[in-house]
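What you see is a predicted model; the values in this text were computed from it and never measured. Proteins come first, then strands; the chains are lettered A, B, ... in the order of their sequence lines, and each starts at number 1.
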Amino acid sequence: MFKRLCQVSLRRYHPSKGEHLNSSRLGPLNYGLDSPQYAVLSHALKVSVPVVGFNERAIVHSLNQLNYPSTMLSVIGASNSPSLLHSSPAVMELVKFHLVQKRLQLSQDLSSEEKPSLEDLFIKRLELNVPIAGHLSQLLSHVSVPGPFTVDTALPELHRLSDDLIYYSNEKDHHDFAWYSKRLGISCAYVSSELFMAQDKSHNYEETFQFARDKLQRTMQLGEYYNNTEEWLWYTLLNSINLAKSQMARG
Amino acid sequence: MLRTINPTTRRWFSVLSSLKNTAASEPVKEPVTAKAEPLSEAREAYLERAVRVDQAGELGADYIYAGQYFVLANKYPHLKSVLQHMWDQEVHHHNTFNRWQTENRVRPSLITPLWKLGAFTMGAGTAAISSEAAMACTEAVETVIGGHYNQQLRCLANQYDLKWTDGTNGPTKEIKSLTETIRQFRDDELEHLNTAIEHDSRKAVPYILLTEGIKGICRVAIWTAERI
């Protein structure tokens, strides 16, 4: 399990955009933009899921609408191994598609001149959840059933999201352990905001956005506390070394 | 039919009429922007490991020199400028790989705090034995790093011959620039190796023990930083 965790969450090198042809695959998905899977799943996410939720009925509804035979249901989930404790592979694929597509959508229409702030991007990602917000608790339970799906897909996708949130915003990035702690903090803030959203009954999910802003701010404040403490400790350490040196020089 | 469509094949009896066509009939040449094939997963994974291990290595080198400088700078004033020069170069290397790491979104090594602590201790510890021992430490570290950079250069030269849309083969500008960077840094590291030998690294007292021990530690660190 641990080895697989290491392999899956490997963050790959991103080569410079201009010099390569676009890959025919879409990130962690096994298909590209012009494939029938993409057409069916994006239709399902846009039209069927807001009505019936994340289940097989949503996919079958979209298959019927797009004039595909409903037996394609078994093809759509082919890349997921069947699991006794989980829902059908096709539903898992739909959940995976939701996670990946919403994350990619986040970075698609960004202007190249000015990067948005981390908070704006964070809120924007939550806003993308609004159409399916009624079924969010269903989605979260799919994602959090302990098992291969969580380890192989859901958690890596969460970390890719927090990585994207930092990369595409004007947030400072780090070269050391802070790289990990910042991403972990943002992932936690995001998950708790989604959990809040699943229960939120306020108009236009205003309370969720308020909650998310507070949560993010508190996470950042925690980082600031840590940095200040570390700086103070360094200052004290160097000060005492210098003091000892000067005392030794006096003899 | 064709003639009327394509103005270049149109024939006129007038001699001068071709003059007015020459400018327009020249096909507007668009700059050819060829693209390389997308990197395969294995190639991306190798680059990721290479950038991470190089970043961790340069961080280590930076902190080793910091440790040596901390102990030696006031004790041996004649070594101060030598150490300062080598340290400055390592800081430049470290910053360069930091930039590679953030721009290409590679994760840094998870145990960065341990590398920092270990490297500083190694630098300060060998310097505490004697200045020759510090130079022997430099010699051992730079030997391993030089060999490791050479290995990376071989792989970058052999494995990144990508197909381009205009039919040619070759690495991308990015790979070329990485190769150039690594080549430059390898030369710098080997220069440090020479400096260390010039400053009596071979006269360190448990010479074999020190250099072989440090070489072993460096190899283990490289192996770990590539993976974790």
query = When only pairs under 4.5 Å are counted, which of A/I166, A/I241, A/D173, A/D176 shares the most heavy-atom pairs with chain B?
reply = A/D176
query = According to the interplanar angle, ranging from 0 to 90°, do the rings of A/F177 and A/Y180 count as parallel (below 30°), tilted (30 to 60°) or perpendicular (above 60°)?
reply = tilted
inquiry  = Is B/L162 in contact with chain A via its backbone, its side chain, both, or neither, using a 4.5 Å heavy-atom distance?
reply    = side chain
B/T165 versus chain A, the contacting section by heavy-atom distance below 4.5 Å = side chain
key: Structural part of B/W164 lying under 4.5 Å from a heavy atom of chain A   = side chain
ask   = Tell me, side chain or backbone of B/E103 under 4.5 Å from chain A's heavy atoms, or both, or neither?
value = backbone
ask   = What are the two closest non-hydrogen atoms of A/K102 and A/L128, and how far apart are they?
value = NZ-O, 3.3 Å
key: Nearest heavy atoms of A/K182 and A/K172, plus distance in Å   = NZ-O, 2.8 Å
query = B/E37 versus chain A, heavy atoms under 4.5 Å apart: side chain, backbone, both or neither?
reply = backbone
ask   = Under 4.0 Å between a Lys/Arg side-chain N and an Asp/Glu carboxylate O for A/R103 and A/E157?
value = yes
request  = Fit a plane to each ring of B/Y46 and B/Y160, take the angle between them on a 0 to 90° scale, and name the class: parallel (under 30°), tilted (30 to 60°) or perpendicular (over 60°).
outcome  = tilted
